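In listed order, ligands and their atoms are each counted from 1. The shown structure was predicted, so the numbers you read here are calculated from the model rather than taken from an experiment.
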Amino acid sequence: MRFLTLLLTCASQVLCASATRAGTVGTVGTVKTSDGIRLHYNQTGPRHGQNMLFITGWRQTALEWHKQADYFSSAGFRVTTYDMRGHGDSEEPDFGYRLSRFAADLNDLLTQLDLEDLTIVGHSMGCSVAWAWWDQYPEVRKRVSHFVFADDVASLVANPHWTPAEKAQLGGFLTPAMMYDLAADMTNQLAPLIESMFTPNLSTSDFEWILSQNRKMTDAHAATLFLHQSSLDWRDVFPRITVPSLVLGGELSIGPASAVEWVATQIPGAQHYTFTAAEKGSHFVFWENPGRFNSMVEDFITQ
Ligand SMILES: *[C@@H]1O[C@H](CO)[C@@H](O)[C@H](O)[C@H]1NC(C)=O
Ligand SMILES: *[C@@H]1O[C@H](CO)[C@@H](O)[C@H](O)[C@H]1NC(C)=O
């Protein structure tokens, strides 16, 4: 029924119609998590293409991956994007805004969609969701063939008891006070926070659109999730990752490039690259320089 509706909706659109002829028509749907929450997903590309799953950062939406979805689906991959709990077009319950639940949601999604031989591309908190999932679901790990971790660090908040050397490795670009202040003033802090994640070259219309995607989640739930994710430390997970991994950072990112690189040194055999300032290496380099980001990821998967 949904497929029929999609075909009818597409009938007048040239692009969509040609996609139908090539057998690559997208599928939009929902999966229901084990605690009863509906998560929105979107699949594009040939049905039997190699699987890729993109996981957004905190507050971002599946639609923000469209430059990747378009590129990789045209290149023959089967691309899945989804909105995490409370994000985008997924259901926003009043509970579950912690990464153990987000890992369970991810597990529900990839088992219900039966994704195998899967490349997971995480961005920012999306990497932490993948790390939590890898940690919690060892029996399901065999579904994953590659990981790409874009711009996440071992810990967002610095423990005041760390040595300077530990802080340099682990990231820790927030103090505990900054974390709580930001969460308490989410409504006012959101726009400057998002702005700091891009280069100044981002157009106003792109900025407004990204902000509107962020605002699909309420500030209260976003603040709860922000507090939880910021205080976690992932360093014990890295040495136990056993699939080929690519770790990507950026010279202009809010996440210190040296701490992103340190993640790569902890994952056995991981590859690493830091996007330069000239390459618009911001926290959102996948949006600001999709050509460079996409070819980097494709080379890694197909090498
Ligand atoms: C599904 O993803 C494709 C590729 O990014 C996009 O063009 C389309 O608008 C998306 N559909 C929905 C309903 O989000
Ligand atoms: C940003 O825009 C300025 C002015 O248009 C330009 O000189 C600069 O090269 C741009 N930076 C990047 C990284 O594209």
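Taking every non-hydrogen atom of Ala69 and a distance limit under 4.0 Å, the qualifying atoms of ligand 1 come out as 4 (C), 5 (O). Ligand 1 places these atoms under 4.0 Å from at least one heavy atom of His66: 5 (O).
With respect to atom 11 (N) of ligand 1, the closest heavy atom belonging to the protein is Asn42 ND2, 2.9 Å. Nearest non-hydrogen protein atom to atom 13 (C) of ligand 1 is Val28 CG2, 3.7 Å. Among all protein heavy atoms, the one lying closest to atom 9 (O) of ligand 1 is Leu63 CD2, 4.2 Å. For atom 4 (C) of ligand 1, the nearest non-hydrogen atom of the protein is Asp70 OD1, 3.4 Å.
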side-chain hydrogen bond (donor to acceptor under 3.5 Å, both in side chains) assessment of Glu279 paired with Tyr273: CA-CA 12 Å; Glu279 291 172 323; Tyr273 185 73; 2.9 Å; yes
Thr218 and His221: CA distance, side-chain angles, deciding distance, side-chain hydrogen bond (donor to acceptor under 3.5 Å, both in side chains) verdict: CA-CA 6 Å; Thr218 61; His221 294 144; 3.1 Å; yes
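Between the side chains of Arg215 and Thr187, not a single donor N or O lies within less than 3.5 Å of an accepting N or O. Between Ser128 and Asp152, the side chains place a donor N or O and an acceptor N or O closer than 3.5 Å (distance only, hydrogens not considered).
Residue-environment remark: OH (Tyr180) stays at or below the threshold of 12 foreign heavy atoms within 6.0 Å.
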